[in-house]
K.L.:
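My questions all concern the structure below.
Note that these values count all heavy atoms, side chains included, but never hydrogens, waters or copies made by symmetry. We name chains A, B, ... by the order of the sequence lines, and we start the count at 1 in each one.
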Amino acid sequence: MRSRPGGVKSLWPGPPASTFIKARGRVPTALVARRAPRSGFRFLSKIALADIAFVARGDSLGSLFESAARALTEVMVDRRTVVGRVHRELDVSSPSVDRLLYDFLTELIVLKDVESLLFKEFRVEVATGRGFRLTCEMDGEAIDRERHALRNDVKAVTMHMFGVKKAGPRWVATVVLDI
Amino acid sequence: MTEVKNAKQVSDVVWEIPESFKPGMNVPARIYATKKLLEAMDNGVIEQVTNVASLPGIVNCSYAMADAHWGYGFPIGGVAAFDLEKGVISPGGIGFDINCGMRLIRTNLRYSEVRPRIKELVDLLFRLIPTGVGVKGFVRLSQPQFEDVMRWGVKWCAENDYGWEDDVDKVEEGGYIKGADPSKVSQQASSRGINQLGTLGSGNHYCEVQVVDPARFFDAEVGKRFGLVHDDQVVVMVHCGSRGFGHQVGSDYLRVFDGAMKKYGITVRDRELACAPFASKEGGDYYGAMVCAANMAFANRQVIVMRIREAFKQVFHKDPEALDMHIVYDVCHNIAKVERHKVGKSSRDVLVHRKGATRSFGPGHPDVPAVYRELGQPVIIGGSMETGSYLLLGTKKAMEETFGSTAHGSGRTMSRTAAKRQVSGAELQRSMEKRGIYVKAATMEGLAEEAGMAYKDISEVVETMHQAGISLKVAALRPIGNIKG
């Protein structure tokens with residue numbers, strides 16, 4: 001079951017209530033929704049100019065992490081060109097919710113480099129207890145330079161402006177990726 | 001437009017922000033910029049260069065070079081030196097791409113000889129040098145061999161048929177930094193890096209065929225000493241770093257330092273400035289791992305150089321030796337190193353962080369290769385693929401003012417997202433070809449992100465540092481062919 005723990009300390013004041021890209025299968029610069037959906041991501045064009053920043057949101061921690069994983073993947077490839085041929089599961093534990101997001105996104109970058117895998121869909125559940133733990137089921141495939149519309153080779157998740165916070169009923173994360 | 005309260009103009013191109021600018025600053029911040037560059041500099045630079053001035057044990061000043069732009073933690077174009085006992089080491093002051101740097105290789109070919117073959121040459125370079133997302137290199141290594149690469153960098157390459165005998169002499173630090181400790185590198189970092197030797201990456205990384213611009217060959221005498229003997233001589237520039245290996249070392253230790261700061265009672269204004277005392281276990285461990293990544297980056301550029309030599313051999317049907325394809329120099333621009341500098345009235349060892357900044361050691365310095373020592377070191381400044389790059393000369397004044405450091409490139413003024421909104425990759429590729437620059441990119445979106453309009457005017461950046469006496473102009477290098485990830 002996805003849990004919704006409250007009282008996680010905010011590390012960043014949060015994004016303005018504004019437009020978000022619907023996450024599923026959309027490119028970063030197109031198709032901006034008029035109303036903020038319950039989950040999704042939005043790229044921020046005026047932060048850390050050489051790199052790429054985004055705000056992700058979700059109505060639970062699970063959906064927040066799914067949005068963030070989609071945003072990260074969209075930086076590397078147009079997800080519409082990726083097919084779910086390979087199934088993987090991740091199990092990540094971390095002492096805090098923001099560290100859990102950092103560790104989760106870093107795992108996806110590692111899989112890109114070590115096994116040349118990019119993922120299209122993510123189903124994340126987050127549990128709390130002593131610290132935070134997530135399980136993620138993902139479908140994707142090995143990089144195919146002929147078929148995939150590849151974009152940037154993400155180097156790392158930075159901690160610049162990094163944070164996860166609860167904004168009203170939703171969870172919001174800000175992430176700056178080193179490109 | 002950036003306005004800095006209380007900024008004092010030290011000279012036409014140097015501005016000082018006093019410690020009173022914000023609470024907690026231990027030293028002033030200094031920005032190298034013309035008034036025009038300063039006004040165009042984003043506020044993030046001011047925020048970040050003054051945040052760095054607040055770190056424990058920083059000495060003299062926190063510096064931003066003329067190409068500075070908003071990075072993460074430190075500004076890109078930032079320089080800071082720390083006391084070895086009281087000071088810190090910060091992964092955010094080095095960058096995830098540890099020892100990202102520039103290498104310049106000369107040829108004895110003239111523009112007229114290369115121009116008719118440029119498409120063939122660039123297409124072959126693109127085939128021989130793996131570029132883009134998640135690529136694997138062509139060097140197969142066992143874990144013990146990879147650890148040798150971590151320890152010995154270019155020296156390992158030269159001993160394993162990936163280099164010429166004199167290559168090591170033309171690389172900063174002789175091709176490897178001492179103090180590498182593979183036991184401080186995580187298994188995950190090794191897994192990310194072991195298959196990436198000889199890969200270019202993406203973003204602003206490139207391999208570029210260039211010509212010495214006859215109209216801007218500023219110092220032909222020094223140029224000659226660097227091996228540039230013709231005013232339309234063809235050279236090749238490589239910009240890349242330690243790939244996933246360095247990125248993972250940075251990520252691993254950022255987490256370690258994020259936790260260690262509490263232990264040492266350190267607070268920072270940005271989590272990306274996470275740091276630990278250099279003299280601590282955490283600081284020492286990171287330094288040992290960081291040097292491994294730095295040496296891997298030297299080796300990465302070295303292996304790529306061998307592929308460049310191979311491409312020229314195939315296209316021009318001459319041995320690379322006959323084409324005089326020697327390295328002019330190789331510089332790091334994301335690094336921290338222990339160096340001896342003047343602090344106050346005396347000289348002592350300090351830990352110099354250069355993040356998007358280049359070493360610019362002057363004449364007579366023992367760390368400058370013997371062949372250049374009398375002059376000063378070559379400084380390689382990489383510009384955008386449209387506007388070109390520069391070869392400069394290190395100076396004594398840099399040693400006195402900036403811990404022997406200068407700028408590293410143009411510096412972005414526009415985000416990647418904004419650049420893509422303004423131009424398409426295909427449109428840019430066609431436009432560049434019309435201007436005599438043949439570019440081959442792994443992705444069209446990536447190409448658009450690197451459009452010249454997204455960067456500052458490199459000539460103004462170089463002119464600023466020249467006017468300040470921190471690095472002196474030798475030659476402008478005009479792009480004619482480029483591959484990028």
Side-chain angles (χ1 to χ4, degrees), chain A residues 11-12 27-30 42-54 73-78 94-96 98-99 102-103 105-107 109-118 142-145 148-163 175-179, chain B residues 42 44 48 69-73 76 92 95-97 131-136 188-189 191-196 201-205 241 243-248 250-252 254-255 258-259 270-274 356 411-418 420-421 442-446 449 454 485:
Chain A
L11 295 158
W12 181 72
V27 293
T29 53
R42 178 170 64 97
F43 287 92
L44 306 172
S45 63
K46 292 181 178 172
I47 290 175
L49 298 180
D51 302 305
I52 293 180
F54 66 83
T73 308
E74 284 289 355
V75 174
M76 300 190 283
V77 64
D78 181 341
S94 300
S96 61
D98 56 317
R99 210 12 222 284
Y102 186 93
D103 292 346
L105 296 177
T106 299
E107 285 291 333
I109 295 169
V110 170
L111 281 166
K112 175 263 298 174
D113 277 347
V114 176
E115 298 186 44
S116 300
L117 289 174
L118 292 172
I143 293 171
D144 180 336
R145 274 164 222 293
H148 291 155
L150 296 166
R151 291 174 173 151
N152 277 297
D153 203 9
V154 175
K155 294 175 182 171
V157 183
T158 79
M159 285 203 184
H160 181 51
M161 303 178 79
F162 185 81
V175 179
V176 178
L177 302 170
D178 186 12
I179 301 299
Chain B
D42 48 77
Q48 293 184 327
H69 54 283
W70 186 354
Y72 45 86
I76 298 164
F96 289 94
D97 198 359
T131 59
V133 179
V135 286
K136 303 278 187 230
Q188 206 167 39
S191 300
R192 275 183 83 177
I194 197 165
N195 290 320
Q196 290 191 325
S202 75
N204 61 354
H205 292 160
R243 307 286 291 113
F245 180 53
H247 311 161
Q248 193 60 36
S251 298
D252 291 341
L254 191 59
R255 285 180 279 208
D258 197 39
D270 175 352
R271 286 179 89 188
E272 189 59 44
L273 288 173
R412 284 190 84 97
T413 55
M414 189 184 285
S415 73
R416 295 179 177 280
T417 315
K420 280 191 293 194
R421 282 195 196 116
T443 79
M444 283 296 121
E445 283 192 35
E449 290 175 12

K.L.:
Looking at OG1 of B/T131 and CZ of A/R145, how far apart are the two atoms once the value is rounded to the nearest 0.5 Å?
P.N.:
7.5 Å

K.L.:
To the nearest 0.5 Å, how far apart are CG in A/D98 and CG in B/D258?
P.N.:
8.0 Å

K.L.:
Could you have a look at B/A189, B/G446, B/G71 and say which one has the most heavy-atom pairs with chain A under 4.5 angstrom?
P.N.:
B/G71

K.L.:
Need one label for A/V110: side chain, backbone, both or neither, based on atoms under 4.5 Å from any heavy atom in chain B.
P.N.:
both

K.L.:
Measure distances from A/V157 to the heavy atoms of chain B and classify the residue's part below 4.5 Å as side chain, backbone, both or neither.
P.N.:
backbone

K.L.:
Nearest 0.5 Å, please: how far is NE2 in B/H247 from OG1 in A/T106?
P.N.:
12.5 Å

K.L.:
What part of B/D270 gets within 4.5 angstrom of chain A, counting heavy atoms only: side chain, backbone, both, or neither?
P.N.:
side chain

K.L.:
Quick check against the 3.5 Å criterion: does A/K46 have a side-chain atom that pairs as donor or acceptor with the backbone of B/M414?
P.N.:
no

K.L.:
Using a cut-off of under 4.5 Å for heavy-atom pairs, which of B/E449, B/Q48, B/H69, B/Q188 has the most such pairs with chain A?
P.N.:
B/Q188

K.L.:
Looking at B/V135, B/L273, B/I194, B/V133, which makes the most heavy-atom pairs under 4.5 Å with chain A?
P.N.:
B/V133

K.L.:
Determine the option with the most heavy-atom pairs under 4.5 angstrom with chain A, choosing from B/I76, B/D97, B/T413, B/N195.
P.N.:
B/D97

K.L.:
Take A/D78 and B/E445, measure what side chain to side chain contact (heavy atoms under 4.5 Å, CB included) needs, and give me the verdict at the end.
P.N.:
CA-CA 11 Å; A/D78 181 341; B/E445 283 192 35; 5.8 Å; no

K.L.:
Please state whether the side chain, the backbone, both or neither of B/N204 comes within less than 4.5 Å of a heavy atom of chain A.
P.N.:
neither

K.L.:
First locate atom OG of B/S415, then atom CD1 of A/I179, and finally report the distance between them rounded to the nearest 0.5 Å.
P.N.:
11.5 Å

K.L.:
With chain B as the partner, which of A/D103, A/V77, A/V176 has the greatest number of non-hydrogen pairs under 4.5 Å?
P.N.:
A/D103

K.L.:
Where on A/L150 is there a heavy atom nearer than 4.5 Å to chain B: the side chain, the backbone, both, or neither?
P.N.:
both

K.L.:
Calculate, to the nearest 0.5 Å, the distance between atoms CD1 and CZ belonging to A/I52 and B/R416 respectively.
P.N.:
6.0 Å

K.L.:
Taking every non-hydrogen pair under 4.5 Å, which of B/G201, B/G132, B/A418 racks up the most with chain A?
P.N.:
B/G132

K.L.:
Assess the side chains of A/D178 and B/Y72: does a donor N or O sit below 3.5 Å from an acceptor N or O?
P.N.:
yes

K.L.:
Can B/R243 and A/D153 be counted as an ion pair, charged N to O under 4.0 angstrom?
P.N.:
yes

K.L.:
How long is the gap from CZ on A/F43 to NZ on B/K420, to the nearest 0.5 Å?
P.N.:
7.5 Å

K.L.:
Which residues pass the salt bridge (charged side-chain N to carboxylate O under 4.0 Å, His left out) test with A/D113, not counting sequence neighbours?
P.N.:
B/R192

